Amino acid sequence: MKKAIFIVTILFVAVISTACINNMAVQELNNAAKSYMEQGDYNSAIERLEASLDLDDNIYETHYNLGVAYINAKQYPKAIDELNKALKLNSKYANVYYTLAVAQENNADALIGCEDMMSTNTDGEIVSNVPASDIYKNVSDSVKEQMIEGYLTSISNYQKYIEMINSEQKTAEVTSHIADMEKVLAKLGYSGSVE
């Protein structure tokens, strides 16, 4: 009986030690990823964060950070996937909804290369290099449908973000951005209501 208790104790200590080692390794990988992100080396950050998830797939911050890295690397479908995983682990973090909305919007834009049609002027405002009437001119109906779905989902997540935050300034900024997205939806031929 004493041997059984001793074995169970050893196993318990081994499990705790392994968990501590994994937590330290996860933290080290996440810190390295943060450093790479700050340097603009998103691919190295992605590698570290994916390795971190191999050790522990239940940390929403790691999924969130990986989503952010994927956005910066313009890998929007992967970003959306990781941010949805972060939401499943913690749906009370408002920034996940905002970041997911950004990924969904960017993914919709990328379907026709809108990102390549945009630049910033001397005031830092985003402007189109192509007349608005020409941007959606040759887009197929199936791509338009995908874009509309992406924008609507994005707007829904922006609205969830607004509901969760307590900032009049951010609410006004995001509400204004949603209004701009509604104009894009109209140009795509969407006539439904956005809610």
Side-chain angles (χ1 to χ4, degrees), residues 19 22-118 120 124 126 143 145-167 169-171 173-178 180-182 184-185 194:
N22 276 351
N23 285 339
M24 289 178 3
V26 165
Q27 187 61 45
E28 188 174 312
L29 287 166
N30 287 348
N31 288 339
K34 179 182 176 193
S35 177
Y36 283 119
M37 291 273 283
E38 290 169 351
Q39 297 169 22
D41 185 355
Y42 305 115
N43 290 327
S44 294
I46 289 167
E47 289 173 9
R48 298 318 176 278
L49 291 165
E50 287 174 342
S52 178
L53 288 174
D54 287 341
L55 293 173
D56 190 346
D57 192 32
N58 293 314
I59 301 174
Y60 82 92
E61 293 95 339
T62 305
H63 288 285
Y64 176 79
N65 291 334
L66 184 54
V68 171
Y70 279 136
I71 289 171
N72 286 304
K74 298 184 181 193
Q75 297 180 38
Y76 306 120
K78 289 182 177 182
I80 292 166
D81 184 48
E82 289 304 321
L83 293 164
N84 278 318
K85 289 176 184 176
L87 275 177
K88 286 179 184 173
L89 293 168
N90 183 356
S91 62
K92 296 184 187 330
Y93 187 51
N95 286 343
V96 177
Y97 290 100
Y98 181 88
T99 307
L100 178 57
V102 168
Q104 292 163 329
E105 180 181 1
N106 288 349
N107 189 55
D109 289 344
L111 290 171
I112 62 165
C114 281
E115 301 170 304
D116 299 329
M117 297 180 203
M118 304 294 180
T120 54
I126 296 175
V143 170
E145 287 175 20
Q146 290 175 30
M147 291 177 72
I148 289 168
E149 181 182 332
Y151 290 136
L152 290 173
T153 310
S154 176
I155 288 171
S156 174
N157 282 311
Y158 279 131
Q159 290 170 334
K160 288 176 187 171
Y161 170 76
I162 289 170
E163 292 170 8
M164 296 177 77
I165 62 169
N166 190 18
S167 168
Q169 179 183 354
K170 283 287 186 191
T171 298
E173 289 172 11
V174 175
T175 301
S176 173
H177 186 70
I178 289 171
D180 291 340
M181 290 178 70
E182 290 171 340
V184 171
L185 284 167
V194 177

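This one's a predicted model, so the numbers in the text were calculated from it and none came from an experiment.
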Which pairs of donor and acceptor atoms, one on a side chain in residues 40-48, lie under 3.5 Å apart (sequence neighbours left out)?
| from | atom 1 | to | atom 2 | distance (Å) |
| --- | --- | --- | --- | --- |
| Asp41 | OD1 | Ser44 | N | 3.2 |
| Asp41 | OD1 | Ser44 | OG | 3.2 |
| Asp41 | OD2 | Ser44 | OG | 2.8 |
| Arg48 | NH1 | Ser44 | O | 3.2 |
| Arg48 | NH2 | Tyr36 | OH | 3.3 |

How close do [X] and [Y] get, heavy atom to heavy atom, and via which atoms?
X      : Y      : result
Ala79  : Ala103 : CB-CB, 4.1 Å
Met181 : Ser154 : CE-OG, 3.6 Å
Ala69  : Met37  : CB-SD, 3.5 Å

Report the residues that fulfil side-chain contact (heavy atoms from CB on, under 4.5 Å) with [X], sequence neighbours left out, ordered by chain and then residue number.
X      : value
Ala94  : Tyr161, Met164, Ile165
Asp54  : none
Asn166 : none
Glu173 : Gln169, Lys170

Donor-acceptor contact present, side-chain Asn72 to main-chain Val68, <3.5 Å: yes
His63 side chain vs Asp57 backbone, donor-acceptor pair below 3.5 Å: yes
Nearest-0.5 Å distance that lies between atom [atom1] in [X] and atom [atom2] in [Y]:
X      : Y      : atom1 : atom2 : answer
Leu29  : Glu50  : CG    : CD    : 11.5 Å
Ile59  : Asn65  : CD1   : CG    : 10.5 Å
Asp109 : Tyr76  : CG    : OH    : 8.0 Å
Leu111 : Tyr151 : CG    : OH    : 8.0 Å
Tyr158 : Leu100 : OH    : CG    : 9.5 Å
Ile178 : Ile162 : CD1   : CD1   : 4.0 Å

With sequence neighbours excluded, residues passing salt bridge (charged side-chain N to carboxylate O under 4.0 Å, His left out) with Lys85: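 By the salt bridge (charged side-chain N to carboxylate O under 4.0 Å, His left out) rule, Lys85 matches Asp81, Glu82.
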Less than 4.5 Å apart, side chain to side chain, heavy atoms only: is that true for [X] and [Y]?
X      : Y      : value
Tyr97  : Ser156 : no
Val174 : Tyr98  : yes
Ile71  : Leu83  : yes
Leu53  : Leu66  : yes

Identified side chain to side chain contact (heavy atoms under 4.5 Å, CB included) counterpart of Val96 within the set Asn157, Leu87, Asn84: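 When side chain to side chain contact (heavy atoms under 4.5 Å, CB included) is applied between Val96 and each of Asn157, Leu87, Asn84, only Leu87 qualifies.
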Ser35 side chain to Gln39 side chain, donor-acceptor N/O pair below 3.5 angstrom: yes
